[in-house]
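First comes the structure, then the notes that go with it.
Proteins get letters first, then strands, A, B, ... in listed order; numbering begins at 1 in each.
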2 protein chains.
Amino acid sequence: MESKEALSSLAALAHEQRLEIFRLLIKAGETGVPAGEIATTLHVRPNTLSNNLSVLAAANLVHSKREGRTIRYFAALERMSALLGFLMEDCCGGNPEICRPVLKQMSCTN
Amino acid sequence: MESKEALSSLAALAHEQRLEIFRLLIKAGETGVPAGEIATTLHVRPNTLSNNLSVLAAANLVHSKREGRTIRYFAALERMSALLGFLMEDCCGGNPEICRPVLKQMSCTN
DNA sequence: TCGATATTTCATGAAGTATGGAATCGAAGG
DNA sequence: CCTTCGATTCCATACTTCATGAAATATCGA
């Protein structure tokens, strides 16, 4: 991942509503969530939601699929993966033990 | 980690110069880097650097230690760890296989 | 084709953030 | 004590981002 991509992802996530949207989509997983359902769940106006979804989409953090009148949104885990890799690049250059706790926090066993 | 803390961390990182600073400190690990060395390495003015370091420090992403006239900065891995955990919370609620690739990207074996 | 529903686009004012120059602080050395 | 060096703070200007309402677009059912 390049610096500019990482920056756009971080900027997209550095916003209260967008962070909530993204985490909601992370939790929803493969199922995704229709735009309207995001709006009612998070109590946001549809136009504001649409703007924020477009920011997340421009940062490649989410993608969408039309289903008739509704549009279903999904978190883009592969992008998230690349971002985390970029942020922690070479963190273990000196000593693998140091960043071990970071990984532990991410473990999917909880 | 609470949402507000995550937001301040993300906002701090969503800035070209601060992202470079943070990644430099991540690579430096336990050794840390003195402020002056950061300035010369990244070719930034000392006042700008100082501002940006204070933003990163306010977000608890870095901490510092005075050593005579110089001040040495370190990346705060425990904060980074909490941030990643917050972002990916419940990512595996449905299916552990889905977020496995995210972890792989972070693996310290490279 | 018409109306209803779901979502997006656009322009705008208000608020927040970045930047660089100058002044300041704190520690070390003569 | 005075100077130098490393780093920070202050401040005004310029820039960017944000939420909002009004209008537009797309899809479906009648």
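Atom CG of A:Asn52 and atom C1' of D:dT17 are 11 Å apart (whole Å). When the P atom of D:dT8 is taken as reference, atom CG of B:Leu49 falls 7 Å away, rounded to whole Å. When rounded to the nearest whole Å, the span between CD1 of B:Ile71 and C1' of D:dC5 equals 13 Å. When the P atom of D:dG6 is taken as reference, atom CG of B:Leu53 falls 16 Å away, rounded to whole Å. Rounded to whole Å, the distance from NZ on B:Lys65 to P on D:dA7 is 15 Å. When the P atom of D:dC18 is taken as reference, atom CG of A:Leu56 falls 11 Å away, rounded to whole Å. A:Asn47 has its CG atom 15 Å from the P atom of D:dC18, to the nearest Å.
Atom CD of A:Gln17 sits about 8.5 Å away from atom CG of A:Leu53, to the nearest 0.5 Å.
Nucleotides of DNA chain C with any atom under 4.0 Å from a heavy atom of chain B span, from 5' to 3', C:dA18 to C:dA28.
Proximity of B:Leu87 to A:Ile26: side-chain heavy atoms (C-beta onward) are nowhere separated by under 4.5 Å. For the pair B:Ile38 and B:Leu25, the minimum side-chain heavy-atom distance is below 4.5 Å.
Mapping A:Ser50 and A:Arg69 onto DNA chain C via the closest heavy atom, the residue that lands nearer the 5' end is A:Arg69. Residue-to-nucleotide proximity on DNA chain D shows that, of A:Asn51 and A:Gly68, the 5′-proximal contact is made by A:Asn51. Comparing A:Glu67 and A:Ala14 along DNA chain D, the residue whose closest nucleotide (by nearest heavy atom) sits nearer the 5' end is A:Ala14.
Using a distance-only test at 3.5 Å, with no hydrogens or angles considered, a donor-acceptor pair links the side chain of B:Arg18 to the main chain of B:Ala12. Between the side chain of B:Thr41 and the backbone N or O of B:Glu37, at least one donor-acceptor pair lies under 3.5 Å.
A salt bridge between B:Glu5 and B:Arg79 is present, with a side-chain N of the basic residue lying under 4.0 Å from a carboxylate O of the acidic one.
Close to D:dG6, at under 4.0 Å from its OP1 or OP2, lies no side-chain N or O of B:Tyr73.
If you check every strand for non-hydrogen atoms under 4.0 Å, B:Arg72 touches nothing. At a threshold of 4.0 angstrom between heavy atoms, the contacts of A:Thr48 include nucleobase atoms, whether or not backbone atoms are also involved.
More than 12 heavy atoms of other residues, nucleotides or ligands sit less than 6.0 Å from atom CD of B:Glu89.
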